[in-house]
Amino acid sequence: MALKPFVEVNSDSHFSIHNLPYGIFKHGGDAITTPRPGVAIGDYVLDLSAIHSAGLFDGPLLSSSDCFHQANLNKFLELGRPAWKEARATLQKLLSSAEPALQNNASLRKKALLPMGEVEMLLPIAIGDYTDFFSSMHHAKNCGLIFRGPENPINPNWFHLPIAYHGRASSIVISGTDIVRPRGQGHPSGNSPPYFGASRKLDFELEMAAVVGPGNELGKPIDVNEAADHIFGVVLMNDWSARDIQAWEYVPLGPFLGKSFGTTISPWIVTLDALEPFACDAPNQIPQPLPYLAEKVSKNYDISLEVRVKPAGQEESFTVTRSNFNHLYWTLTQQLAHHTVNGCNLRPGDLLGTGTISGPEPESYGCLFELTWNGTKDLSLGKTSRKFLEDGDEVIISGCCKGNGYNVGFGTCSGKIIPYLP
């Protein structure tokens with residue numbers, strides 16, 4: 001029998017009873033505004049601390065745990081997949097129209113079911129470490145064509161391992177946070193010194209990111225076929241990029257100031273269990289990966305992704321990109337397994353970005369660098385146009401899986417560029 005919630009959920013809502021993504025919120029109507037965990041259902045947030053205090057998490061793994069009385073989800077992530085499944089089953093039952101425990105308890109409903117408009121969403125996890133991969137073949141090819149030309153657009157090593165760099169966790173912010181235009185050095189012109197000042201080529205990057213659950217001990221890699229048990233879920237991500245700063249600094253050690261000024265994530269973590277109905281085959285990998293990256297089942301997810309840009313001073317936003325998570329060449333599980341193969345230890349709450357998710361067609365390119373071919377052509381935005389982002393521009397990323405009569409969505413990941421003010 002189909003799951004039906006007692007809470008009204010509009011047909012176009014991202015947050016159906018089949019989803020139940022996790023986040024951290026503060027409720028403005030409370031005398032105590034302590035951050036606490038919740039799940040999204042329709043236009044409401046279900047307060048998990050209230051549900052636990054009422055004794056409704058009565059399973060063996062969660063009944064005596066205080067993981068839903070924390071200011072982040074890390075303790076819950078550390079419990080692993082059995083606890084996640086227990087929580088999901090409990091919550092789907094509690095929210096079902098056939099279950100009276102919450103539905104018929106008016107005082108608990110008032111305390112635990114909070115309108116989304118009354119809450120402030122916070123970073124859902126304490127992020128100890130952040131790694132950004134480079135897993136879209138189409139993005140890698142386009143970057144190579146722009147920088148190196150058609151002879152060798154993708155370096156040979158790219159097809160043998162998931163390329164990545166270690167990013168800056170401290171500058172990861174929640175959706176809705178303004179991004180200050182970064183300053184740094186750019187390529188010199190002729191014999192003059194390098195340019196220094198505000199970035200002239202500020203860009204967005206359409207990404208998603210895996211949230212690590214249980215980690216691994218230092219020196220003990222995670223098997224690629226067991227890697228899914230170490231991934232709690234996925235968020236939307238915009239890894240803002242200053243292309244001029246990045247181009248001047250990245251040889252020989254890779255991105256630094258061109259990336260570390262800001263990364264935005266969406267507030268709701270959609271679990272792998274919720275995404276499972278939308279699993280699809282990953283691309284055929286040629287050459288065949290080395291044994292430690294060879295998966296028994298290699299899968300991606302059919303997640304439709306969209307980027308809109310709202311130009312400064314305008315009320316209307318314009319769709320500039322439609323892509324899909326299934327364009328990734330390297331899977332989430334391969335990324336995680338490769339990250340640990342040298343013995344590196346991951347920890348609960350670590351974030352693994354996919355890299356820009358570009359598709360094969362121009363309308364599916366995942367950043368302005370590709371859409372404007374490094375500023376050599378204009379991108380139309382109604383009555384105006386852009387080569388790169390200007391102060392006041394807002395970028396809104398959304399992602400959603402379409403089920404049979406329901407959605408499993410991520411909401412939005414947004415940020416607005418504001419000028420640097422000394």
Side-chain angles (χ1 to χ4, degrees), residues 13-26 35-41 44-49 62 67-68 70-81 83-88 90-92 116 119-131 169 172-177 207-215 227-239 263-278 301 303 305 325 332-333 335-336 346-354 397-401 407-414:
S13 171
H14 281 205
F15 306 126
S16 66
I17 196 170
H18 301 274
N19 190 354
L20 302 182
Y22 291 82
I24 294 290
F25 72 95
K26 288 197 298 187
R36 52 199 190 270
V39 297
I41 177 73
Y44 292 87
V45 175
L46 182 67
D47 184 342
L48 299 186
S49 67
L62 294 172
C67 65
F68 295 136
Q70 307 294 319
N72 59 58
L73 291 167
N74 291 45
K75 196 165 187 177
F76 180 49
L77 305 187
E78 191 173 7
L79 294 178
R81 188 162 301 284
W84 307 339
K85 285 185 173 294
E86 182 178 295
R88 180 172 175 81
T90 300
L91 291 169
Q92 285 188 324
M116 280 194 179
V119 307
E120 176 189 355
M121 299 306 299
L122 309 171
L123 281 175
I125 48 179
I127 304 166
D129 281 294
Y130 157 55
T131 301
I172 297 175
V173 297
I174 196 67
S175 176
T177 305
E207 300 197 26
M208 301 193 79
V211 177
V212 174
D229 287 336
H230 295 265
I231 299 174
F232 175 65
V234 185
V235 293
L236 299 170
M237 189 171 94
N238 183 349
D239 192 28
T263 300
T264 304
I265 63 171
S266 54
W268 296 109
I269 306 173
V270 177
T271 65
L272 290 195
D273 285 332
L275 291 174
E276 185 57 33
F278 307 97
Y301 299 96
I303 307 171
L305 300 168
F325 186 88
L332 293 180
T333 39
Q335 292 168 40
L336 185 138
L346 299 179
R347 296 174 294 186
D350 283 355
L351 201 67
L352 309 182
T354 59
I397 296 175
S398 59
C400 193
C401 306
N407 296 324
V408 170
F410 293 77
T412 59
C413 174
S414 66

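Predicted, not measured: the structure shown is a model, and the values here were computed from it.
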- [ ] Show your reasoning for whether ring-ring contact (aromatic ring centres under 6.0 Å, His included) applies to Y22 and F76.
- [x] CA-CA 10 Å; Y22 291 82; F76 180 49; 5.1 Å; yes

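- Heavy-atom minimum distance, Y44 versus M116: O-CE, 3.6 Å.
- With rounding to the nearest 0.5 angstrom, the CD1 atom of I24 is 7.5 Å from the CE atom of M121.
- Looking at heavy atoms from C-beta onward, M208 lies in side-chain contact with L305 at the 4.5 angstrom threshold.
- In this structure, the side chains of V173 and L123 stay at 4.5 Å or more apart for every pair of heavy atoms.
- Side-chain contact between V234 and F410 is present, with heavy atoms from C-beta onward closer than 4.5 Å.
- Considering all non-hydrogen atoms of both residues, V408 and V270 come closest at CG1-CG1, 3.8 Å.
- Nearest heavy-atom pair, L351 versus V211, reported as atom, atom and distance to 0.1 Å: CD1-CG2, 3.9 Å.
- The main-chain N or O of H14 is found under 3.5 Å from a side-chain atom of N19 such that the two form a donor-acceptor pair.
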TODO: For side-chain contact (heavy atoms from CB on, under 4.5 Å), just list the numbers for T354 and L332, CA-CA rounded to whole Å, side-chain angles, deciding distance to a tenth of an Å, and then say yes or no.
DONE: CA-CA 8 Å; T354 59; L332 293 180; 4.0 Å; yes

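- To the nearest 0.5 Å, the span separating CD on Q70 from CG on L77 amounts to 11.5 Å.
- In this structure a side-chain-to-backbone donor-acceptor pair under 3.5 Å is present from S175 to S414.
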Task: CA sep, side-chain torsions, deciding dist, call: W84, T271, side-chain contact (heavy atoms from CB on, under 4.5 Å) - done: CA-CA 9 Å; W84 307 339; T271 65; over 6 Å; no

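- A heavy-atom distance below 4.5 Å is not found between the side chains of T131 and L346.
- In this structure the side chain of E207 never reaches within 4.5 angstrom of the side chain of T263, judged on heavy atoms.
- One finds the CD1 atom of I231 at 6.0 Å from the CG atom of L272 (value rounded to the nearest 0.5 Å).
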Open item on the list: Working note: L352 + V212, criterion side-chain contact (heavy atoms from CB on, under 4.5 Å); need CA distance, chi angles, decisive distance, verdict.
Closed with: CA-CA 8 Å; L352 309 182; V212 174; 4.1 Å; yes

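- Side-chain contact between N74 and R347: absent, with no pair of heavy atoms (C-beta onward) separated by less than 4.5 Å.
- The two residues C67 and L62 come nearest to each other via the heavy atoms SG-CD2, 3.9 Å.
- Looking at P348 and I125, their side chains never come closer than 4.5 Å, going by heavy atoms from C-beta outward.
- Contact record, C401 with I303: SG-CG1, 3.6 Å, taken as the closest heavy-atom pair.
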TODO: Please lay out, stage by stage, how F15 and W268 fare under the test side-chain contact (heavy atoms from CB on, under 4.5 Å).
DONE: CA-CA 10 Å; F15 306 126; W268 296 109; 3.6 Å; yes

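- Across every non-hydrogen atom of L48 and L91, the tightest pair is CD2-CD2, 3.7 Å.
- Going from atom CZ of R81 over to atom NE2 of H230 covers 9.5 Å, rounded to the nearest 0.5 Å.
- With values rounded to the nearest 0.5 angstrom, R88 atom CZ is found 9.0 Å from I17 atom CD1.
- The shortest distance between side-chain heavy atoms of I265 and P124 falls below 4.5 Å.
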